[in-house]
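Note sheet for the following structure.
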Amino acid sequence: MEKTFSLQQINWSQKLNYEENGMLLGFILNTTYLSVDKPDNYEQELVKEIISNTTPSYIVDPNFKPNIIFVMSEAFWDPTLLKEVSFSEDPIPYFRSLQKDQTSGVMLSPVYGGGTANTEFEVLTGLSTQFLPKGVVPYVEYLRKPIDALPAVLKKQGYETTAIHTYDNWFYGRNNVYKNLAFDKFISKEFFDQPEYNGPYIRDTELSQRILSEMKKTEKPDFVYAVSMQAHGPYSAEETPENSVKVSGDISPSSRAILENYTQIISDVDQSLKLLIEGLEQLSEPSIAVFFGDHLPMLGTNFDVYQEANFFQDELNYQDYLNMYSVPFVVWDNFSNDKEELRISSNFLSSYILERAKKPGSPTTDFLHSLIQNGSSVVISEHHLQREDISQKEISQYQLLQYDILFGNEYAYLIKPDHKPQVNSDYIVGDGRALIVNASPPNTSVIEITGENFLFDHKVYINGQLVQTDFENPTYITASLPKRLNNKSGALDIQIKLTDSMGNVISESNTFKLDSFSNI
């Protein structure tokens, strides 16, 4: 239906979906993904059997609590894999150095060229989109209840859990989803104060700096899941002479320009990774960081660059499929000498990191860990199950466990009640509420406001009316008194609010009452 009538399911924003398609069509498009068939063998005893037989074999140390940082780098990929083109210099030298000295490998993503939230869903929950309807975005369609995901698992163990993203809070419904995943706070684009941009997006160095600054604020061990934006496409097909990394090879001028412009961006992203790791080294705290791409960049609207470089074609065989969905990752830590070469799909990543950090997991990650023991390669994909010692029975068990947690009766939590997820009532969007400590009576129609956590984009409201606001610094803002209050006396209710690009108020201060006011 969508193709026939040129309809578009806007899955990154339900507000836009309904505005574009109307209430009825928007609802119909959503219901396409709502139905998930119950497995024929779904019953409590089978779920109990699965969980009872999947206790992880790795060593758990309750006294060892390293910081755990995930950086999901937008469209990060290694363009030197294109063998029919060459580069004037290595665009990602720091990442390459980590590959040589640290654990690294290839991660099979569930998406290509977009759909970041699906990779994120698999990493954070350990669940697989391969068991869901094709085209579904679980953040949008399914995650409307608490899930025993990685943030929830670590929060129960005393971790401060923080999500950071250099884009709008509402994108893919993260502002609501993160609460159900048990993050303590979500620092989105709106809470970056006058950040540096690279093109249309916040530069990734800002993200690295924010990760480090948030970690320094807490006494607890930190779990941070950070999502970057700088390398998001599209990439210009116009030549940029100032690019430092030049591409040569038998490809069209437009494809060469697209590849050069992409390569220039990730060269800068590579520096943001260096900034993060060097900052973690200076913290002198046990830490582990995993850096990975969410999907391949869309280099041309019809795979143009990839096709011209003979990397994959649009008529996919299995090797083309692997090329199209495989992204690089590295795992750095400052407390071990571990160095492995891995090949996994994104749903296994959290299980692996929990083992490295010696932390107990959830029923899902425990089960997944039982599949990756004694091996360096385990992939569940749309076309293929890699590793002969994973049986079809185990795949069926995985699917059964996932159905139970997402759609079923949650037998897993009856069997292990300490893993039953709870709503995080302390969750906030932002990094601390703005606080008005004092407001002076107006002088020539200007009110001086002092307090804490003021941002450049904060706006002052007086008696509910938005007024002209001038940001001075994080503790001082001035506001112009509305004309209708000139030459009148009475009390004023003063509040500071932050709105997003959809016009929604996402953070607001206390209401400060200026009881004695006269502007006569």
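This chain uses plain numbering: 1 for the first residue, then up along the sequence.
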Sub-4.5 Å side-chain heavy-atom contact between [X] and [Y]:
X: T125; Y: T364; value: no
X: T162; Y: Y225; value: no
X: W332; Y: E281; value: yes
X: Y325; Y: P110; value: no

Has [X] got a side-chain atom pairing as donor or acceptor with [Y]'s backbone, closer than 3.5 angstrom?
X: K497; Y: I506; value: no
X: S350; Y: L124; value: no
X: D148; Y: P421; value: no
X: N180; Y: I147; value: no
X: D404; Y: G408; value: no
X: Q102; Y: L98; value: no
X: E355; Y: S351; value: no
X: T119; Y: D294; value: yes
X: D184; Y: I428; value: no
X: D333; Y: S336; value: yes

Shortest non-hydrogen contact from [X] toward [Y]:
X: S104; Y: Q99; result: OG-O, 3.5 Å
X: F303; Y: M324; result: CE2-CE, 3.4 Å
X: V269; Y: A231; result: CG2-CB, 4.4 Å
X: P66; Y: Y159; result: O-OH, 2.7 Å
X: R174; Y: F186; result: CB-CE2, 4.0 Å
X: H165; Y: F192; result: O-CE1, 4.1 Å

Flag the pair [X] / [Y] as yes when their ring centroid distance falls below 6.0 Å, and as no otherwise.
X: H232; Y: Y201; answer: yes
X: Y142; Y: F407; answer: yes
X: Y42; Y: Y411; answer: yes
X: F311; Y: W77; answer: yes
X: Y262; Y: Y235; answer: yes
X: F95; Y: F76; answer: yes

Mind running side-chain hydrogen bond (donor to acceptor under 3.5 Å, both in side chains) on T166 and R210 for me, showing each step along the way? CA-CA 10 Å; T166 48; R210 192 59 178 264; over 6 Å; no

Result of checking E206, Q264, Q230 against N198 for side-chain contact (heavy atoms from CB on, under 4.5 Å): Q230

Only one of Q44, K48, E49 passes side-chain contact (heavy atoms from CB on, under 4.5 Å) with L46; say which it is. E49

Give, for atom [atom1] of [X] and atom [atom2] of [Y], the distance between the pair rounded to the nearest 0.5 Å.
X: L81; Y: L296; atom1: CG; atom2: CG; answer: 8.5 Å
X: Q399; Y: L132; atom1: CD; atom2: CG; answer: 9.0 Å
X: I211; Y: L275; atom1: CD1; atom2: CG; answer: 9.5 Å

NZ/NE/NH1/NH2 to OD/OE distance under 4.0 Å, [X] and [Y]:
X: K185; Y: E214; answer: yes
X: K339; Y: D101; answer: no
X: K359; Y: D61; answer: no
X: R96; Y: D78; answer: yes

Do we get K179 above Y427's six-membered ring, with its NZ or CZ under 6.0 Å from the centre and within 45° of the axis? no

What's the verdict on side-chain hydrogen bond (donor to acceptor under 3.5 Å, both in side chains) for N67 and S287, showing C-alpha distance, side-chain angles and the deciding distance? CA-CA 4 Å; N67 300 312; S287 301; 3.1 Å; yes

Would K145 and E410 count as a salt bridge (Lys or Arg N to Asp or Glu O under 4.0 Å) here? Give the steps. CA-CA 12 Å; K145 65 177 183 178; E410 298 184 346; 2.9 Å; yes

Given side-chain hydrogen bond (donor to acceptor under 3.5 Å, both in side chains), test D168 with S501 step by step and report yes or no. CA-CA 7 Å; D168 298 287; S501 59; 3.0 Å; yes

Those residues at least two apart in sequence (or on a different chain) that pass salt bridge (Lys or Arg N to Asp or Glu O under 4.0 Å) with K416 are D366

Run the side-chain hydrogen bond (donor to acceptor under 3.5 Å, both in side chains) check on S346 and E122 step by step: do they pass? CA-CA 6 Å; S346 52; E122 292 201 349; 2.5 Å; yes

